[in-house]
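First comes the structure, then the notes that go with it.
Protein chains get the first letters and strands the later ones, always in sequence-line order, with residue 1 at the start of each.
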2 protein chains.
Amino acid sequence: MPEQIHVMERRTRQRAALKEAIEQAARPLTPQEILAEAQDAVPGLGIATVYRNIKALMSEGWLHKVEMPGGVDRYERAGLHHHHHFHCQECDRVFDVEGCPGNVESLAPPGFQVASHEIVLYGRCATCSS
Amino acid sequence: MPEQIHVMERRTRQRAALKEAIEQAARPLTPQEILAEAQDAVPGLGIATVYRNIKALMSEGWLHKVEMPGGVDRYERAGLHHHHHFHCQECDRVFDVEGCPGNVESLAPPGFQVASHEIVLYGRCATCSS
DNA sequence: GTATTAACGAGAATGGCTTATCATTCTCGT
DNA sequence: ACGAGAATGATAAGCCATTCTCGTTAATAC
């Protein structure tokens, strides 16, 4: 009687390309951006695979969702230290921003409990400024 | 020959109710929230009318759009002084937050030009905390 | 009051992003 | 090399916020 071994995750070129694209970017990427990057390595890659793996990588804690105002969700490696984001109004890319003003919770009105916060800077990135 | 007089805007109960709801709320409202509030005054009011008037009030500068991460657009009176927002994770309402840490632009990396910024606090509002 | 026509209400249609379906391909333990 | 079934790719379907259509209502000028 053959043992039934449950394979939870297989190593595929697609998944490797997706993870590689995400790590190389070093900034939050939209599903479309992930697709475009990963297609350099795996030409036929489809958008469904991107979404499937985003969901999988999220649930295994490898990936983290970044929600930006008025835009689609973006994703970056989980486990990065506390940071914020810069949204370029020209190229629509989002970049990580180090540091935090601190003392942000004190802005909340009395009785409001602050669990976390997000700061988003808008403007033009270095590339679009030059 | 009757003169052709162009009426640009009529005073309707619906529009009055919408503006009233927005001013009373004193916080950014979603189209659905505006609808719910205004229906207290005008029961039959439809969602299309809400969107129509949002668009109109926006273009005449009376209303201002507030985009929140991972949510639908909200709207509040234009002309309010610089402030930020608190998003209650329990009731999903958004509140205004006075004050600003300042010195926020200095967070941006060299070469990045900051035009504006938004700070969003997450947690539980006073009502949901008690 | 009457005519004009902006504004309304209900529901259909649109447009995006995301998820589901399913036949096919590919990984991996044996 | 083989076989089970996980993963993929193409596309259909689902979701939803927003916009459009159109017959009806009602605000304004006279």
Side-chain angles (χ1 to χ4, degrees), chain A residues 1-21 28-60 62-75 92 94, chain B residues 1-21 28-60 62-75 92 94:
Chain A
M1 57 187 296
E3 300 301 316
Q4 183 59 31
I5 299 177
H6 187 197
V7 178
M8 302 203 65
E9 180 180 313
R10 290 181 176 175
R11 298 165 153 282
T12 63
R13 291 180 306 130
Q14 289 84 348
R15 173 166 303 183
L18 294 175
K19 294 174 76 169
E20 180 67 13
L29 299 180
T30 64
Q32 287 297 337
E33 287 176 325
I34 295 174
L35 175 65
E37 288 299 317
Q39 281 183 332
D40 290 345
V42 184
L45 199 148
I47 188 64
T49 298
V50 174
Y51 280 105
R52 262 191 299 257
N53 279 286
I54 284 176
K55 182 182 279 186
L57 292 171
M58 288 272 285
S59 62
E60 68 184 63
W62 190 90
L63 198 60
H64 177 241
K65 181 192 291 187
V66 178
E67 301 183 330
M68 298 291 289
V72 303
D73 292 340
R74 294 156 199 269
Y75 301 87
D92 202 41
V94 172
Chain B
M1 55 185 298
E3 300 301 313
Q4 183 59 29
I5 298 177
H6 187 196
V7 178
M8 302 204 65
E9 181 179 314
R10 290 180 178 177
R11 298 165 151 281
T12 63
R13 292 179 307 128
Q14 289 84 350
R15 173 165 304 181
L18 294 176
K19 294 174 76 169
E20 181 67 14
L29 299 180
T30 63
Q32 287 298 336
E33 287 177 325
I34 295 173
L35 175 66
E37 288 298 318
Q39 281 184 331
D40 291 343
V42 184
L45 198 147
I47 188 64
T49 298
V50 174
Y51 280 105
R52 262 192 298 258
N53 279 288
I54 284 175
K55 184 181 279 188
L57 292 171
M58 287 272 286
S59 63
E60 67 184 64
W62 191 90
L63 199 59
H64 177 241
K65 180 191 292 186
V66 178
E67 300 183 331
M68 298 292 287
V72 304
D73 292 341
R74 295 158 199 269
Y75 301 87
D92 202 42
V94 172

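- What separates CD of E60(B) from P of dA7(C) is a distance of 11 Å, to the nearest Å.
- For K19(A) and dA7(D), the NZ to P distance is 13 Å, given to the nearest whole Å.
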If you look only at distance, which donor and acceptor atoms sit under 3.5 Å apart when one is on a side chain in residues 31-50 of chain B and the other is two or more places apart or in another chain?
| residue | atom | partner | partner atom | Å |
| --- | --- | --- | --- | --- |
| E33(B) | OE1 | T30(B) | N | 2.9 |
| Q39(B) | NE2 | L45(B) | O | 2.8 |
| T49(B) | OG1 | R52(B) | NH2 | 3.3 |

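- Rounded to the nearest 0.5 Å, atoms CZ (R11(B)) and CZ (R13(B)) are 15.0 Å apart.
- As rounded to whole Å, 15 Å separates atom C1' of dT5(C) from atom CD of E9(B).
- As rounded to whole Å, 15 Å separates atom C1' of dT8(D) from atom CD1 of I54(A).
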What does the list of N/O pairs under 3.5 Å between the protein and nucleotides 16-18 of chain D look like, with a distance for each?
| residue | atom | partner | partner atom | Å |
| --- | --- | --- | --- | --- |
| dT18(D) | OP2 | Y51(B) | OH | 2.2 |
| dT18(D) | O5' | Y51(B) | OH | 3.3 |

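- Taking the side chain to side chain donor-acceptor pair (under 3.5 Å) definition, one finds that E20(B) meets it with Q24(B), sequence neighbours left out.
- For the pair K55(A) NZ and dT8(D) P, the computed distance is 14 Å after rounding to whole Å.
- When the nearest nucleotides of DNA chain D are assigned to A48(B) and N53(A) by heavy-atom distance, the more 5′-ward of the two goes with N53(A).
- Atom CH2 of W62(A) sits about 9.0 Å away from atom CG of L18(A), to the nearest 0.5 Å.
- Put simply, CZ on R74(A) is 16 Å from C1' on dT18(C), counting in whole angstrom units.
- Residue L63(A) comes nearest to M58(A) through the heavy atom pair O-SD, 3.6 Å, listed as atom of the first residue, atom of the second, then distance.
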Shorter than 3.5 Å, N or O on both sides, protein versus nucleotides 23-26 of chain C: list them out with atom names.
none

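- Of the residues in residues 33-44 of chain B, those lying under 4.0 Å from DNA chain C by heavy-atom distance are G44(B).
- By the side chain to side chain contact (heavy atoms under 4.5 Å, CB included) test, T12(B) pairs with R10(B), Q14(B), R15(B), sequence neighbours left out.
- In DNA chain C, runs of at least 3 stacked Watson-Crick or G-U pairs (N1-N3 plus N6-O4 or O6-N4, or N1-O2 plus O6-N3, all under 3.5 Å) give these stems: C:1-30 with D:1-30.
- Residues that satisfy the salt bridge (Lys or Arg N to Asp or Glu O under 4.0 Å) test with K65(A), not counting sequence neighbours, are D73(A).
- The CZ atom of R52(A) sits 7 Å away from the C1' atom of dA7(D) (whole-angstrom rounding).
- Closest non-hydrogen pair, P28(A) versus V94(A), comes out as CD-O, 3.6 Å.
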